[in-house]
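Sequence lines set the chain letters: A, B, ... in the order given, protein chains first and strands last, and positions in each chain run from 1.
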Amino acid sequence: MIKLQQLTKTYGDRIAVDHVSFTVPGGQICGYLGPNGAGKTTTVKMLTGMLPPTSGSAWISGSDVQKQTLDVKRQIGYVPESGALYQSLTPLEYLQFVGRLHHMDESELLDRIHDFAAFFKLGDHLNESMQSFSKGMKQKVVILSSVLHNPEVICLDEPLNGLDANAALLLKTLLRHLAEQGKTVFYCSHILEVVENLCDRVVIINEGRIVADGSVGDLKSMTRQASLEGVFSQLTSSEDTIALAKALSQKITSTGVPQ
Amino acid sequence: MIHQAPNHAKIDGRQFRTLLRISLINEWRRQWNPGSQKKRHLPVFFRSLIFYLIMGFSLGASLVTRASPILYTLLCYTYFMMMAGFAVILECSQVLMIPDDLDILSHRPVSSATFFWARVTHMLIFIMIFSTVLCAGPAVVSLFLYGISGTFPVIFIITALLSVLFTAALMMMFYTLLLRLVQFEKLKSLITVIQFFFILVLIFLYQWIARSSWGMDGTQFQLKDSWLRWLPPGWFAAMVESVYRPESFQIYVISISALAVSIVIFILGFRHLSINYLQDVAQQEAVPVSAKKGKSSREDKSFIHLFFSDIRIRHSETRAGFFLALQLLRRDRSVKLTLLPLMVMPFVILIWGIIESDIIDPFMMPAFGGGTNSMQLLPFFIAFLIFMTINGSVYIRDWEARWIFQSAPLESPDRYWRGARAALFTAVVSPFYLLLFIVFCSQFSWIHAIQHTVYLLLLGLVFMSFLSIRHRALPFSRKREHGERIGGMSFLLLIVPFQIAAVLIHLFAYQNQETWFLSAGLLFLLWALLEVWSYRMKNRGWLQFEVSD
């Protein structure tokens, strides 16, 4: 379970996350949406104990993010947006490294790595340097490293980056099954179709504040929009997108590089 | 707060070993397969070791026949400590202060202390390997010192490594303390100045100790001032001295006491800093771009930018290179950290020259007679300045942005490079020439000041053109690996032939006005020829820039 209570983060005068409160119970997939710079990643970083909040509180499976940081980190699996990993290692070495940081038993760790790698068809590449991997293959390793230690809460920040359609489908199905087994999934993304299809609930943040919280159906009926894209646009943008796009396209085609 | 959590003070043994092991494996593999360079060179790590070995032997050989054992030890230790200080300054920001793997590690259940000590240990291993190689030469050479026993080199090297460890710990503590005390946004803008300051202090201390310690006593140089024993290199030198001169036991006790107090301070200091470390570095990484609004508009009004904003550069690729280099020098931390801190060395030499009245009109000075003075060192340090500028301009933290050169190839990479080079020369090298001119004017006639500045400028331009011929990487296109900054200094050996050539030219040029004009003309011609040659070679594709892996 994830619980946020008046969680706030400021950088000087700027408020990145402004008194955000919500609870995500176990077994739920919660989509966390917002435009660029809305405060999504800052929220996730506070939840994962990477960043101390300025005020407010947050709990992961009952552990206070500020007071029991290491306990919180033991219970979460996190897929960062950057997809960062040590590329000079092989997937086997990297996953062993992550497992050891979580104090996993060596033989169990090795079994799990092989089983998990097979899921994403990485079994034949376990001993290859990740420097030669495509972005999608690296992303698969990052995703596996986030669930290797059987976390209670899984936070994913744009997890489909670089994944092909099959791998994306596999991941979405996996997340659904994990939620059915009681895991809490916190899913940050810009891809509204995925959030619409996958998430039980959607929280929309704009300029650091929660502007909507509910199921996709609730939000649609509340805003009288036919799609989540419409909901999102209505809640987070006041601009006439068609006019803006038209004006820029005219500028793009009016000048160019001399041939 | 996170830093108050007691579990962040504990070091987890298994995690520590895992972190350290992976960190060392990463380092090792990156050295052999950096991934950002096309050709496979001898890893920078080994190049640096060879450089350090040569430096160590040269130091030992230059002192062994003239210095007493205590003076030899003191001077060597001062040098070792300066080099260890350099190593920390050059690498600390990358390894300890701005680690590039926070996204991988900071959400794992690793305590701050474990994380911190894994980092510190990694860095210490790195520094101790370099230092052992550096100390090996003087230790072997010390066998030829007068009045020492066969055990001297062993004691010398062990104590030398202790002195290096002490310096590295001291510098690391300074840096981590800064991370703690200064708000990171301020620290980021201050870090170049801080590095500049630390290098300035280190070089000044080294020069000061080296110059203060010599005193002739009969046939040998002896330690001149006893107060030098109270400085950290003196503590360690006294430890060595006490082994073969038991009458100096009192000094030994004082030195050990000073050292013991320092170690206690280190332990307490590092313990405190290690608990807060993770929070401190996480805090800095988290500041979003949107939180820095308004900064760039202020920086755009910098003197250099305003000065050059109206400059007319005909070719658009040259213009692109010129302004990109200027803007990155102004704003990009990794570029500033690469290019600016080491530039302090020539300035220190110049200041020492003024202090010691070494700035002598070259038309009046006996041409490169005995001894060394600041005027003779100027060509070397100008070459050093240009070398560090050109070599360092290749690296940037956002090296992946080079995709732009792969997707939209430059029509003429050489023009782009020349634009960037012109900006680097203008912003980094030319202020030194301006300073030189002012100093020369204060010391000798202004005509001679102009002449000598022009002469040094021509020498510098020739050296830069030589460097440009061997230059294969586009500016701001490569990732800097750990240790590469220290390793890059091994190329200083390239400057030695230049210095020899500079001496020969100087001998000819400063005989009279006619020979000066002839030399200046020839240097100008050589520079023009080198420029044309390198332009043609690169434009015809005979020398190609390396853009991709």
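- No donor-acceptor distance shorter than 3.5 angstrom exists from the side chain of A:K73 to the backbone of B:S111, with no hydrogens or angles considered.
- With a 4.5 Å cut-off on side-chain heavy atoms, A:S146 and B:H107 do not count as touching.
- Using a 4.5 Å cut-off between heavy atoms, A:V72 does not touch chain B at all.
- Contacts between A:I76 and chain B at a heavy-atom distance below 4.5 Å involve the side chain alone, from C-beta outward.
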Stepwise, does the side-chain contact (heavy atoms from CB on, under 4.5 Å) test hold for B:L19 with A:L101?
CA-CA 8 Å; B:L19 284 170; A:L101 291 184; 4.0 Å; yes
Between A:M50 and B:D103, does the side-chain contact (heavy atoms from CB on, under 4.5 Å) criterion hold? Intermediate values first, please.
CA-CA 9 Å; A:M50 294 167 77; B:D103 260 2; 3.8 Å; yes
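- Other residues, nucleotides and ligands contribute more than 12 heavy atoms inside 6.0 Å of the CD atom of A:Q87.
- Looking at B:R21, only its side chain comes within 4.5 Å of chain A, counting heavy atoms on both sides.
- Between chain A and the residues B:T18, B:D101, B:D12, the largest count of heavy-atom pairs under 4.5 Å involves B:T18.
- A:R74 contributes atom CZ, which lies 14.0 Å from atom CZ of B:R108 (distance to the nearest 0.5 angstrom).
- Crowding of A:R209 atom CZ: a count of heavy atoms from other residues, nucleotides or ligands under 6.0 Å not exceeding 12.
- Within the 4.5 angstrom heavy-atom criterion, no atom of A:T41 approaches chain B.
- Between the CD1 atom in B:I104 and the CZ atom in A:F97 there is a gap of 7.5 Å [rounded to 0.5 Å].
- The minimum heavy-atom distance between B:R14 and A:E106, with the atom names listed, is NH2-OE2, 2.7 Å.
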